[in-house]
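Notes follow the structure.
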Amino acid sequence: MKFILFCNLPYSFAILKPLEIEIIGRGFEYIWYLPDSIKDIFPYKESSYTSSIKELKNYETDAIYVAGNDVPHYLRGIKVQIFHGLAGEKRGHFRIRDYFDLYLTQGPYFTKRFQELADRYKNFEVMQTGWCKLDNLYDIQKNSLEMKKELLKKYGAKKIILYSPTFSPSLRSGVELFDTIKELSEDKNILVIVKFHDKMDREIQDSYKKIDSKNLILSDNKDITPLLQIADLMISDTSSVVYEFILLNKPVVTLNSISENINWSNFTNPKELKKEVLTILDGDDNFREKRKKVIELYHPYNDGKSAMRMVDAVVKYKKKFGVPKSRKLSLLRKFKIFQKYGI
């Protein structure tokens, strides 16, 4: 079989990489698609990749894994939606855009919703596989533990806080929590690591760069997984990374989260967060058992084999339905695709 790993933004590097490893392990063929805008920062230079849509058309693939919202409808292959996050409450997460033949869901919460939509639209299939990006999340590697040990020693801290806000203007907390993050980074016992989304407003990012605190790190790592592994607590808002952190059963504090399944400390007043963060770091964590409910609903797999299930799912789909010859799209959606990718 032949696969395309369709990647439009840097955060998809870490999502699609486990699939590449699984595909190679099975002896299948593959190629990454990277637009010119991110080709230079692609971290896997030894991999097979292209920025040419024409080359993809000639590649005659069997399936295309997409960690985004669209894919050229005129490319051959089973169009597979694998998602770029776990925040089902975000606008558009359950929107059916008609580009995909197969939706691979992370857990029961997502499977139920998408299966209901599949029953209504009758033009795509749904299979629950887990999310390949999280395969490495459960592998608390020796390197990550060493990283934490070295950081705590270097900064003279006892705990690590990860602040990872969303970029969505209506949901983000970067401005409201600026003072809180600054104050926490001034506590000698705390190391604060800030990881912004690739799409975060540049003015907000620049404001944090001006914070004069030795216990503040602005991370430019494209893969947030090592930071999730070393952090003791996360501060966020309505970012899907909250769920990734909770899957490790570690505490989260959020500002104005609109999640449907809040099993952590959530506030509407930014001035209340610091006290709660310090209380939790002192050992008063009241949400450990409740977080297990989120794990059961959002991603019950901790075996690190979601990529394997995702490749199995495509093999199964092809065996049952073959490779679809076309997708029915509105003229507007076709126009948008031609405008974005050309022909």
Side-chain angles (χ1 to χ4, degrees), residues 10-11 14 85-87 90 137 144 147-148 151-152 154-155 157-248 250-259 262 264-282 285 287 291:
Y11 61 66
L86 294 167
K90 283 192 174 182
L137 185 65
S144 295
M147 182 198 309
K148 181 173 184 177
L151 284 173
L152 291 175
K154 178 180 178 179
Y155 290 89
K158 296 179 181 179
K159 299 287 185 178
I160 296 177
I161 291 175
L162 175 61
Y163 175 48
S164 182
T166 186
F167 71 93
S168 304
S170 62
L171 303 173
R172 68 190 180 204
S173 59
V175 175
E176 291 83 355
L177 287 180
F178 178 86
D179 291 336
T180 301
I181 298 303
K182 182 176 182 294
E183 290 172 10
L184 285 169
S185 70
E186 291 169 348
D187 187 321
K188 65 180 182 180
N189 293 316
I190 298 173
L191 172 61
V192 179
I193 301 177
V194 178
K195 175 67 176 75
F196 288 120
H197 190 283
D198 295 324
K199 292 184 177 180
M200 176 59 77
D201 185 280
R202 287 295 167 187
E203 289 187 11
I204 294 177
Q205 294 190 50
D206 290 342
S207 69
Y208 279 80
K209 291 177 182 178
K210 296 177 182 178
I211 295 178
D212 184 18
S213 172
K214 73 179 187 67
N215 276 26
L216 179 73
I217 297 174
L218 300 183
S219 174
D220 59 0
N221 195 331
K222 298 303 176 186
D223 183 6
I224 197 174
T225 304
L227 303 181
L228 300 177
Q229 292 171 339
I230 67 175
D232 297 291
L233 178 146
M234 171 180 281
I235 298 175
S236 190
D237 35 52
T238 307
S239 171
S240 66
V241 78
V242 165
Y243 299 103
E244 296 179 44
F245 196 72
I246 280 181
L247 292 176
L248 294 173
K250 295 196 286 188
V252 171
V253 180
T254 58
L255 180 70
N256 294 324
S257 173
I258 63 169
S259 171
I262 294 180
W264 58 82
S265 299
N266 181 57
F267 296 91
T268 57
N269 184 352
K271 295 181 179 179
E272 297 176 345
L273 262 76
K274 181 182 176 182
K275 181 180 179 181
E276 178 71 0
V277 166
L278 295 177
T279 299
I280 294 175
L281 289 179
D282 198 39
D285 180 4
F287 288 89
R291 286 195 296 268

| field | Audit row: Lys209, Asp206, side chain to side chain contact (heavy atoms under 4.5 Å, CB included) steps and yes/no | value | CA-CA 5 Å; Lys209 291 177 182 178; Asp206 290 342; 3.8 Å; yes
| request: Could you please spell out the steps behind the side chain to side chain contact (heavy atoms under 4.5 Å, CB included) verdict for Leu86 and Glu244? | output: CA-CA 8 Å; Leu86 294 167; Glu244 296 179 44; 3.8 Å; yes
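- For the atom pair CD (Gln229) and CG (Leu162), the distance works out to 11.5 Å, reported to the nearest 0.5 Å.
- Looking at heavy atoms from C-beta onward, Val194 lies out of side-chain contact with Ile211 at the 4.5 angstrom threshold.
- Here the straight-line distance linking atom NZ of Lys182 with atom CG of Leu216 works out to 10.5 Å at 0.5 Å rounding.
- The shortest side-chain heavy-atom distance between Phe196 and Pro165 falls under the 4.5 Å cut-off.
- In the model, Thr180 has no side-chain atom that pairs as donor or acceptor with a side-chain atom of Tyr163 under 3.5 Å.
- Counting only distance, with no hydrogens or angles, the side chain of Tyr11 and the backbone of Gly85 share no donor-acceptor pair below 3.5 Å.
- No donor-acceptor pair under 3.5 Å is formed between the side chain of Ser257 and the backbone N or O of Asn266.
- Shown here is Asp212, whose CG atom has no more than 12 heavy atoms of other residues, nucleotides or ligands within 6.0 Å.
- In this model, no donor atom of one side chain and acceptor atom of the other lie less than 3.5 Å apart for Asn221 and Ser219.
- We find the CD-CZ distance between Glu183 and Phe178 to be 10.5 Å, quoted to the nearest 0.5 Å.
- Between the Asn189 side chain and the Lys158 main chain, no donor and acceptor come within less than 3.5 Å of each other.
- Checked for salt-bridge contact, Lys274 and Asp187 miss the test: no charged N lies under 4.0 Å from a carboxylate O.
- Here the side chain of Thr238 pairs a donor or acceptor atom with the backbone of Ile258 at under 3.5 angstrom.
- The backbone N or O of Ser173 lies less than 3.5 Å from no partner atom in the side chain of Asn256, so there is not a single donor-acceptor pair.
- Note that CD1 of Ile160 is 11.0 Å distant from CG of Leu281, once rounded to the nearest 0.5 Å.
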| request: Evaluate side chain to side chain contact (heavy atoms under 4.5 Å, CB included) for Ser164 paired with Phe245, printing each intermediate quantity in order. | output: CA-CA 10 Å; Ser164 182; Phe245 196 72; over 6 Å; no
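- Test Leu228, Val253, Ile161 against Met234 for side-chain contact (heavy atoms from CB on, under 4.5 Å) and you get one pass: Leu228.
- Side-chain contact between Met147 and Pro226 is present, with heavy atoms from C-beta onward closer than 4.5 Å.
- Around the NZ atom of Lys214, the shell of radius 6.0 Å holds more than 12 heavy atoms that belong to other residues, nucleotides or ligands.
- Residues Ser265 and Ile280 have side chains in contact (heavy-atom distance under 4.5 Å, counting atoms from C-beta outward).
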